[in-house]
Amino acid sequence: MSKEKQEEPVIKGESMSFIEQFIVDDLQNGKNEGKIVTRFPPEPNGYLHIGHAKAVCLSFGMAKKYGGKCNLRFDDTNPEKEDVEYVDSIKEDIKWLGFDWEDREYYASDYFGRLYNFAVDLIKIGLAYVDDQPAEVISEQKGLPSRPGVESEYRKRTIDENLGLFERMNKGEFEEGSRVLRARIDMSSPNMHMRDPIIYRILKTPHHRTGDKWNAYPMYDFAHGQSDYFEGVTHSLCTLEFEVHRPLYDWFIDQLKTGDYRPRQIEFNRLNLNYTVMSKRKLLELVQEGRVSGWDDPRMPTLCGLRRRGYTPESIRKFVDLIGYTKVEAINDVSLLEHAVRDDLNMRAPRVFGVLNPVRVIITNYPEGKTENVEVINNPEDESMGKRTVPFSREVYIEQEDFMETPVPKFFRLAPGMEVRLKGAYIIKCESFRKNEKTGIIEEIYCTYDPETRSGANQSEKKVKGTLHWVSAAHAVEAEVRLYDRLFNHEDPAGQKDHDYREFLNPGSLQVVKGCKVEPSLKSAKHLEKFQFQRLGYFCVDPDTKSDHLVFNRTVQLKDTWTKLNR
RNA sequence: UGCUCCGUAGUGUAAUUGGCAACACGUCUGACUCUGGAUCAGAAGAGUUCAGGUUCGAGCCCUGACGGAGCAACCA
């Protein structure tokens, strides 16, 4: 049996990103024996966010599309920042997104031995040396981007001395910060990264996987390319800020490689979203300072946050696909992300009735105590989702917003003397209402219904402009609904000079509405199950839901031209 | 004032080896509708940062400006 369909390797006429073009060219030229291997290399120091999703989709996506493999590799070279807690969440999030690294779960720390030996080799050929100077001095000597650096006095240490010192660094004989190993390249290079970069430093914090086995740890630049090489990675895809690291990446590969094969680093633009922050540091602060409820707060751009908010993996993949991969540093509009979920959920979310701000409607000519089960379609976009019945009775709740004592022009809803259809049931006419004169709140609305207008078989000729969602008062289930707005009220909260991003936190980003009334079928809804509350938006069941307490998160509103026009 | 990268409608992306700028989202019309959603039809909106050059012809090539980003962590 064939597994999933392999897409055609060469697509004519379809536009592909410059990265895909590179891959296709390499494949056609028979480079690396016509194989493609990519990798997704997170550092386990935080939760994955939607920016990572873009990288995941690229590396796993390209491998899948062209019959290659994508490795999951944890870039765990800094024990001070990393933790297993993050490893597990990262794996969960990648799986949720729909990608599979099979048995290729690797760790940079698995290569510490080989990396160490490579460093020793570099020392032996005079391309690395131990520097005893303090950090400030080394930094000072590096010069400025516009000024060349100066060479360290330790640059001409003998090979034997370097060998001995490096070994002792790793044995733990020296204090943190007292010595580093540096590659001996060019202190006057216009590229700062080539000015004798530090490749090993002493760290005494136990590593989450190797414990206290090592005391000298490789830096990113000394681990990444080499790890790619060890794994046979052909295309090492990363974000634009690593562009200036590429010469160093290649320099190490040059020293390391023995045959024709070499990994190639290609950089693409990172994903930026407006009205949010994306840096791990800031996200961590939001969590630690209690400004959100956790990494999975539905307002967070983390994958676990988006998942809890009700986003589907499909919608995130679609969004990523929509924004593409280029070298332009773009700021993407959240509304495009919202479009992507709406588009996805429109096809798959069953429609239900839920009233957020209920007001009671009494149908005075409907028999007291009577209940009818009306039939409604679960999803007009997908007939196979079938129908369900909803109880209808003399008293129903409708949305407060759907009634106006004195309607404005083009208000197609309920108002004294006006008729509307209760979706799936009858057309009702507002005869009167009761208002609390003190508060101005409408407390009850009195209507009559037309028995001839019941939805279904013998369709009545009568047409009305408005159709409302409703819930039978006697059968309604109480629910709490959490409405979310953007976390920040500034497009680019992190990019404002002289302003801390926290100043732009949107105080109204979470609105909890209690006492909502939803149709009885929702009583059995499961965690994260998604629905469209008709006319309102897409909602999913929050994990805080208990058997006696239903909680929904609003994923996104439906497009609403009415409120837009009347704002 | 060093090096690297980038500069196409409001936003994000396209434009085969140079051949008179396309798509999506958004916006605005209209149709339809038992969701003011969806769907369908249509419209407006850039002459490709600017100035030169090469060419019969340039968003694509060259030069120079201008604008933006990244690089000066014993982070990744």
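Just the heavy atoms: all of them, side chains too, but no hydrogens, waters or symmetry mates, feed the values below. Chain letters run A, B, ... following the sequence lines, proteins first, then strands; residues in each count from 1.
- At least one side-chain nitrogen or oxygen of A:N269 sits closer than 4.0 Å to the OP1 or OP2 atom of B:U13.
- Separation of the A:Y426 and A:Y449 ring centroids falls under the 6.0 Å cut-off.
- Atom CG in A:D196 sits roughly 15 Å away from atom C1' in B:A72 (whole-Å rounding).
- For B:C23, the paired base is B:G12 (Watson-Crick or G-U wobble, both distances below 3.5 Å).
- For the pair A:L558 CG and B:U39 P, the interatomic distance rounds to 11 Å; values are reported in whole Å.
- No engagement by A:K280 is indicated, since no non-hydrogen atom pair under 4.0 Å with the nucleic acid exists.
- OP1 or OP2 of B:U33 has not a single side-chain nitrogen or oxygen of A:T467 nearer than 4.0 Å.
- When each of B:A72, B:C34, B:G12 is scored by its nearest atom to the side-chain atoms of A:L144, the top-ranked nucleotide is B:A72.
- Between B:U33 and B:A41, the two C1' atoms lie 15 Å apart (nearest whole Å).
- With B:A14, B:A76, B:G36 as the choices, the nucleotide that has an atom nearest any side-chain atom of A:E43 turns out to be B:A76.
- OP1 or OP2 of B:U39 has not a single side-chain nitrogen or oxygen of A:R342 nearer than 4.0 Å.
- Rounded to whole Å, the separation between the C1' atoms of B:C50 and B:G67 comes to 10 Å.
- Remark: B:G36 base-pairs with no nucleotide; criterion is Watson-Crick or G-U wobble with both hydrogen-bond distances under 3.5 Å.
- Using the six-membered ring where Trp is involved, A:Y501 and A:F488 have ring planes that are tilted, between 30° and 60° apart.
- Ring-plane geometry between A:F74 and A:Y107 is classed as parallel, the angle between the planes falling under 30 degrees on a 0 to 90 degree scale with a further cut at 60.
- B:G2 is paired with B:C71 under the criterion used here, namely a Watson-Crick or G-U wobble arrangement in which both key atom distances are under 3.5 Å.
- The aromatic rings of A:Y220 and A:H245 stand perpendicular to each other, their planes meeting at an angle above 60°, with 30° marking the opposite boundary.
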Inset, instruction - Go through the steps for A:N191 and A:S189 under the test side-chain hydrogen bond (donor to acceptor under 3.5 Å, both in side chains), then give the verdict. - result: CA-CA 5 Å; A:N191 183 339; A:S189 168; 5.5 Å; no
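- Residues A:R39 and A:H224 have side chains that bring a donor and an acceptor to within less than 3.5 angstrom of each other.
- Residue A:T561 places at least one side-chain N or O under 4.0 Å from the OP1 or OP2 atom of B:G37.
- One finds no side-chain N or O of A:R147 lying less than 4.0 angstrom from the OP1 or OP2 phosphate oxygen of B:U1.
- Put simply, CD on A:E329 is 11 Å from C1' on B:G7, counting in whole angstrom units.
- Enclosure of atom CZ in A:R147 is not indicated, since only 12 or fewer non-hydrogen atoms of other residues, nucleotides or ligands lie within 6.0 angstrom.
- Taking the nucleotide of RNA chain B with the nearest heavy atom to each of A:N346 and A:F533, the more 5' of the two is matched to A:F533.
- The side chain of A:D75 lies closest to B:A76 when the candidates are B:C34, B:A76, B:G12.
- Rounded to whole Å, the P atom of B:A44 lies 15 Å from the corresponding atom of B:U29.
- A gap of 23 Å separates the C1' atoms of B:U13 and B:U17, to the nearest Å.
- Note: A:Y106 and A:Y111 have tilted aromatic rings, judged against thresholds of 30 and 60 degrees for the angle between ring planes.
- With a cut-off of 3.5 Å on both Watson-Crick or G-U wobble distances, the partner of B:G64 is given as B:C50.
- Each of A:S17 and A:Q534 lies near RNA chain B, and the nucleotide nearest A:S17 is the one positioned closer to the 5' end.
- Residue A:K463 places at least one side-chain N or O under 4.0 Å from the OP1 or OP2 atom of B:C34.
- Rounded to whole Å, the distance from CG on A:N332 to P on B:U11 is 12 Å.
- In the set B:G26, B:U13, B:G37, the nucleotide with an atom closest to the side chain of A:H339 is B:G26.
- Taking the P atoms as reference points, B:U49 lies 6 Å from B:U8, given to the whole Å.
- For B:A76, the base is not stacked against the aromatic ring of A:Y220, per a cut-off of 5.5 Å between centres and 30° between planes.
- One can place CZ of A:F319 at 15 Å from P of B:U11, the figure rounded to the nearest angstrom.
- Listed nucleotides B:C34, B:G7, B:G12 differ in distance to A:A330; the shortest reach to its side chain belongs to B:G12.
- Taking the six-membered ring where tryptophan is involved, the planes of A:W470 and A:F353 are tilted, since the angle between them lies from 30° to 60°.
- Put simply, A:K559 has no side-chain N or O that comes within less than 4.0 Å of OP1 or OP2 on B:U35.
- The stretch residues 240-250 of chain A comes close to RNA chain B through A:E241, A:F242, A:E243, A:V244, A:H245, each having a heavy atom under 4.0 Å from the strand.
- Between A:R413 and A:E399, none of the side-chain N atoms (NZ, or NE/NH1/NH2) sits under 4.0 Å from a carboxylate O, so this pair counts as no salt bridge.
- Among B:A14, B:U35, B:G2, the nucleotide with an atom closest to any side-chain atom of A:S15 is B:A14.
- Aromatic ring orientation, A:Y217 versus A:H207: parallel (interplanar angle below 30°, classes split at 30° and 60°).
- Counting non-hydrogen atoms of other residues, nucleotides and ligands closer than 6.0 Å to CG of A:D212 gives a total of 12 or fewer.
- With hydrogens and angles ignored, a donor-acceptor pair closer than 3.5 Å exists between the side chain of A:E381 and the base of B:G37.
- Aromatic ring pairs are classed by plane angle as parallel below 30°, tilted from 30° to 60° and perpendicular above 60°; the pair A:Y116 and A:W214 is tilted.
- B:G10 sits 24 Å from B:G37 when the C1' atoms are compared, rounded to a whole Å.
- Side-chain atoms of A:S139 lie closest to B:A72 of the nucleotides B:G12, B:A76, B:A72.
- Each of A:L422, A:I398, A:L468 was evaluated against A:V361; a single residue qualifies, A:I398, per the side chain to side chain contact (heavy atoms under 4.5 Å, CB included) test.
- Across all strands shown, nothing is found opposite B:A44 as a Watson-Crick or G-U wobble partner with both distances under 3.5 Å.
- Less than 4.0 Å separates RNA chain B from at least one heavy atom of each of the following residues of residues 178-194 of chain A: A:V180, A:P190, A:M192, A:H193.
- Residue A:E20 contributes atom CD, which lies 14 Å from atom C1' of B:U13 at whole-angstrom precision.
- Taking the P atoms as reference points, B:G42 lies 33 Å from B:G7, given to the whole Å.
- No N or O donor and acceptor, one from the side chain of A:R535 and one from the base of B:G36, sit under 3.5 Å apart.
- A:D343 has its CG atom 21 Å from the P atom of B:G12, to the nearest Å.
- In this structure, A:I199 atom CD1 and B:C74 atom P are separated by 13 Å, rounded to whole Å.
- In this entry the base of B:G57 is anti relative to its sugar, with a glycosidic angle more than 90° from 0.
- Among the nucleotides B:A24, B:A76, B:G36, the one closest to the side chain of A:L322 is B:A24.
- On the P atoms, B:C20 is 10 Å away from B:G59, given to the nearest whole Å.
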